Amino acid sequence: MGENTDIVRQQLLDIYQALLEVYGPQGWWPGEGTFEVMVGAILAQNTAWRNAERGIARLKEAGRLSPAALRGTPPEELEELLRPAGTYRRKAQRLRALVDYLYRRHGGEPDALAHGPLEELRRELLEVHGVGPETADSILLYATGRPSFVVDAYTRRLLFRLGWTPEQASYEDLRALFMQHLPPDPALFNEYHALIVRHAKERCRKRAPRCGGCPLESLCRFEKG
DNA sequence: GCCCAGGTGGGTA
DNA sequence: TACCCACATGGG
């Protein structure tokens with residue numbers, strides 16, 4: 001509250017504006033429909049998006065891209081459809097766990113997550129085997145349009161490099177930083193996370209840090225050396 | 001051949 | 001708590 005909070009909010013918005021000006025709107029999430037985006041969130045775990053897309057396309061071609069159809073798919077068939085997505089046995093299990101949850105708590109209706117107390121739904125999702133914090137927040141934000149900020153390794157690296165947070169800051173700490181200082185605007189959270197990912201791919205990859213000439217240079221809290 | 005990708009859960013000290 | 005590891009395909 002007060003002054004410090006206002007400063008943090010303004011700096012977070014400054015970073016957002018700088019990224020938006022350089023890279024433009026990113027158009028996330030590239031998926032059609034609530035359930036398809038949920039599936040994409042599972043398939044994208046530690047996986048290049050291109051491969052996750054292949055899995056989605058195969059599910060769709062096989063007519064398995066719905067809660068009911070997926071629930072009725074034999075495990076071996078599901079695994080085979082998911083093979084191009086990588087870690088396919090785990091992802092088959094995780095998709096089944098997610099669908100089981102949707103039926104157990106929400107009548108098999110993915111759009112049910114668009115309503116109700118956000119943090120309570122988030123806790124439910126985190127209890128689903130294979131749904132961790134990033135996947136839960138991706139589902140809430142990108143599938144159902146809830147203002148739940150998505151943190152990832154890129155976000156942690158960016159805030160660390162800007163001198164905001166320790167390198168080992170927890171997921172929940174980083175999420176809270178954004179959510180306590182920004183208005184709960186799904187469109188803002190959506191674009192912000194997508195821009196961080198875009199920026200990381202362009203400039204902040206692990207083995208190729210290129211901070212010189214970075215569009216965020218003037219917002220860095222470290223002294224330039 | 002090596003490293004990485006829009007993570008998560010299990011095991012060990 | 002803090003590491004370490006398996007998972008697995010596909011691209012640079």
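Hydrogens, waters and symmetry mates are skipped; everything else that's a heavy atom, side chains included, is used. Quick note on labels: first sequence line is chain A, next is B, and so on, each numbered from 1. Note that the structure is a prediction, hence the values are computed from the model and not measured.
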Visitor: With a non-hydrogen cut-off below 4.0 angstrom, is A/V151 in contact with a base, only sugar-phosphate, or nothing?
Guide: nothing

Visitor: Which one is paired to C/dG12, where only Watson-Crick or G-U wobble pairs with both distances under 3.5 angstrom count?
Guide: B/dC2

Visitor: Under 3.5 Å, side chain of A/E191 to main-chain N/O of A/Q26, donor-acceptor pair present?
Guide: yes

Visitor: Quick one: are A/Q45 and A/T87 in side-chain contact, heavy atoms under 4.5 Å?
Guide: no

Visitor: Take atom NE2 of A/H129 and atom P of C/dC7, then tell me their distance rounded to the nearest Å.
Guide: 14 Å

Visitor: Starting the side chain at C-beta, find the nucleotide from B/dG10, C/dT9, B/dA5 nearest to A/Y154.
Guide: B/dA5

Visitor: Between the main-chain N or O of A/R83 and the side-chain N or O of A/R54, is there a donor-acceptor pair closer than 3.5 Å?
Guide: no

Visitor: Within the structure shown, what part of the strands sits under 4.0 Å from A/V131 by heavy-atom distance: base, sugar-phosphate, or nothing?
Guide: sugar-phosphate

Visitor: Does OP1 or OP2 of C/dA8 have a side-chain N or O of A/R89 closer than 4.0 Å?
Guide: yes

Visitor: Transitively linked via ILVMFWY side-chain contacts under 4.5 Å: A/M38 with A/L126?
Guide: no

Visitor: Between P on B/dG9 and CD on A/E134, what's the gap in Å once rounded to a whole number?
Guide: 12 Å

Visitor: Could you check how far CZ of A/R90 sits from C1' of C/dT9, rounded to whole Å?
Guide: 14 Å

Visitor: Mind calculating the distance between CG (A/L82) and P (C/dC7) to the nearest angstrom?
Guide: 17 Å

Visitor: Go through residues 39-67 of chain A and report each residue with a non-hydrogen atom lying under 4.0 Å from DNA chain B, sorted by number.
Guide: A/A44, A/Q45, A/N46, A/T47, A/A48, A/W49

Visitor: Within the pair A/T135 and B/dT8, is there a side-chain N or O less than 4.0 Å away from OP1 or OP2?
Guide: yes

Visitor: Using side chain to side chain contact (heavy atoms under 4.5 Å, CB included) as the criterion, point out the one residue from A/V37, A/D137, A/T34 that pairs with A/Y142.
Guide: A/V37

Visitor: Would you kindly give the CD-to-P distance between A/E80 and C/dA8, to the nearest whole Å?
Guide: 12 Å

Visitor: In whole angstroms, how far is the C1' atom of C/dA6 from the CD atom of A/Q93?
Guide: 13 Å

Visitor: Find the partner of C/dC7: check Watson-Crick (N1-N3 plus N6-O4 or O6-N4) and G-U wobble (N1-O2, O6-N3) distances, both under 3.5 Å, and reply none if neither fits.
Guide: B/dG7

Visitor: If you measure from the Lys or Arg side-chain nitrogens to the Asp or Glu carboxylate oxygens, is any gap between A/E53 and A/R50 under 4.0 Å?
Guide: no

Visitor: Quick one: on DNA chain B, does A/W28 or A/G130 contact a more 5' nucleotide (nearest heavy atom)?
Guide: A/W28

Visitor: Rounded off to whole Å, could you give me the CG-to-P distance for the A/L81 and C/dA8 pair?
Guide: 15 Å

Visitor: Rounded to whole Å, how long is the line connecting atom CD of A/Q168 with atom P of C/dC3?
Guide: 8 Å

Visitor: Let's see if you can work this out: which of C/dT9, B/dG9, C/dA8 has an atom nearest to the side-chain heavy atoms of A/T87?
Guide: C/dA8

Visitor: Under 6.0 Å between ring centres, would you say that holds for A/F178 and A/F189?
Guide: no

